[in-house]
Protein chains: 2
Amino acid sequence: MQHEVPSAGSREKVLEVAEALFARRGFAGVGLREVAETAGLGKSSLFHHFKGKVQLYFAVLERVLRRMDLCLQPLFAAAIAPAARLDAVIDGLIDTLVEHPGSARLLLRALFEDDDFAPETLSEAEPTERILESLIARLDALLREGVAQGVFRPVSTPHMVQTLIGATVYHFASGDFGETLLGSPLCSSEQVRRRKDELRALLHHGLTAPAVVPSGG
Amino acid sequence: MQHEVPSAGSREKVLEVAEALFARRGFAGVGLREVAETAGLGKSSLFHHFKGKVQLYFAVLERVLRRMDLCLQPLFAAAIAPAARLDAVIDGLIDTLVEHPGSARLLLRALFEDDDFAPETLSEAEPTERILESLIARLDALLREGVAQGVFRPVSTPHMVQTLIGATVYHFASGDFGETLLGSPLCSSEQVRRRKDELRALLHHGLTAPAVVPSGG
DNA sequence: GTCTATACTACGATAGAC
DNA sequence: GTCTATCGTAGTATAGAC
């Protein structure tokens, strides 16, 4: 029973190819012809899998978000202290972003491009919005819990969510710029580890050095 | 000598319009026809001011970066302690991002889109790269100075640069998403002030609450 | 030198016939 | 699942009006 399943295989292949292209060049910058040919299909064959470009885009986005959700859900649900849970969630988020190149960019684009999509296609965006909202809600709830327990400072949790997104999603979306800045590939295991450590340290201590007790003068 | 200077006026108008459009939809998502007509010109008239789309794009980007550079340069040069200088730079950066809507998005795009521009047009990007590099270099130097003086923890300065970009540029580029998250306009004076305070507090203290001395058991 | 009109080529998304 | 057609619009070049 190892016969080819061209339709399912094609769909996956298309989604994979489209994910990379949309991540690199954004919605407007990608042509269906390019997607189709890279996936080894004729341009029009795409329409047997996706009704149009918008549908393909949201299918790609939804797949990415589902992947993240599946990865993060157990971490959010772990029965451990908020501080440790936040660390685990951040590590997990970074891991998914690294594991699936393009995720970070695609997500970043989805976050900051107030996509002016046609009114008719708004319903296509709904599933992705739902997943995204639930992820954000979980993160916000985790922060609130920590604040309520007094283990976190009384921060504005939405602002902290934004900061965390910037520190993770933006970082791993920053491509050549980030790579030049760091001097080595963003997704090298060394730099990934570094990123986790730096972010964790920032959250635990801030940037300023621990205050020294004025002893000698 | 107050006579109209139509060419300079048109050029400025085009740059203004193009800045907003490129910020909203990115390079590929903008048509020259739309730019021209919004600026009150015929499509072909653009080509008397800019050789092509790529040149227009980089002209816009360069203008944005120059504006930022002009604003931040004195702040970087201030003869005050690194910690206070960093605070001033961050506040100044946020102020420019807020003052010129679109700056944040345009900059964010420029940072994470490894623009696959034609080999011939690479020279157009050079001035913008120079300004950007100098800004980053100054920020990195400031962080290094603080670390050297022992007022900052021994952080990886490139990673901290990335975090700061995320916390400022991404935040103010996040549009509807950020606005929904915060519950009020990103650029409202209240939320801007909040952003500065939250970021400053994060840098000074981290997220975790100040450790309580175990007194009562 | 500054703007405009028209034309050209390429490619976009989509639809219907095989 | 592929091929070809359609039709709009993209970016660009040329020729001309102020």
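Since we're looking at a predicted model, the values are computed, not measured.
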| said: From CD of B:E120 over to C1' of D:dT12, roughly how many Å is that when rounded to an integer? | reply: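 Interatomic distance, CD of B:E120 to C1' of D:dT12: 16 Å.
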| message | Expressed as a whole number of angstroms, how long is the span from B:L56:CG to D:dT12:C1'? | response |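 So the two atoms are 14 Å apart, to the nearest Å.
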| message | Applying side chain to side chain contact (heavy atoms under 4.5 Å, CB included), can you list everything that pairs with B:Q73, at least two apart in sequence or on another chain? | response |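 Here the qualifying residues are B:D69, B:R138.
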| Results of side chain to side chain contact (heavy atoms under 4.5 Å, CB included) for A:F47 - residues two or more places apart only |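 By the side chain to side chain contact (heavy atoms under 4.5 Å, CB included) rule, A:F47 matches A:L32.
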Which atom pairs, one a donor and one an acceptor, fall under 3.5 Å between side chains of residues 179-187 of chain B and the rest of the protein, sequence neighbours left out?
residue, atom, partner, partner atom, Å
B:T180, OG1, B:D176, O, 2.8
B:S184, OG, B:Q191, NE2, 2.9

| said: For B:S174, give me all partners under side chain to side chain donor-acceptor pair (under 3.5 Å), at least two apart in sequence or on another chain. | reply: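 So B:S174 forms a side chain to side chain donor-acceptor pair (under 3.5 Å) with A:Q162.
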| Which pairs count as side-chain hydrogen bond (donor to acceptor under 3.5 Å, both in side chains) when at least one residue sits in residues 26-37 of chain A, sequence neighbours excluded? |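 Listed by first then second residue: A:R25-A:E34.
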| When you check the phosphate oxygens OP1 and OP2 of D:dG1, does a side-chain N or O of A:H49 lie under 4.0 Å from one of them? |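 Result: yes.
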| Could you run down nucleotides 12-18 of chain C 5' to 3' and tag each one B, S or - for protein heavy-atom contact under 4.0 Å? | SBBB---
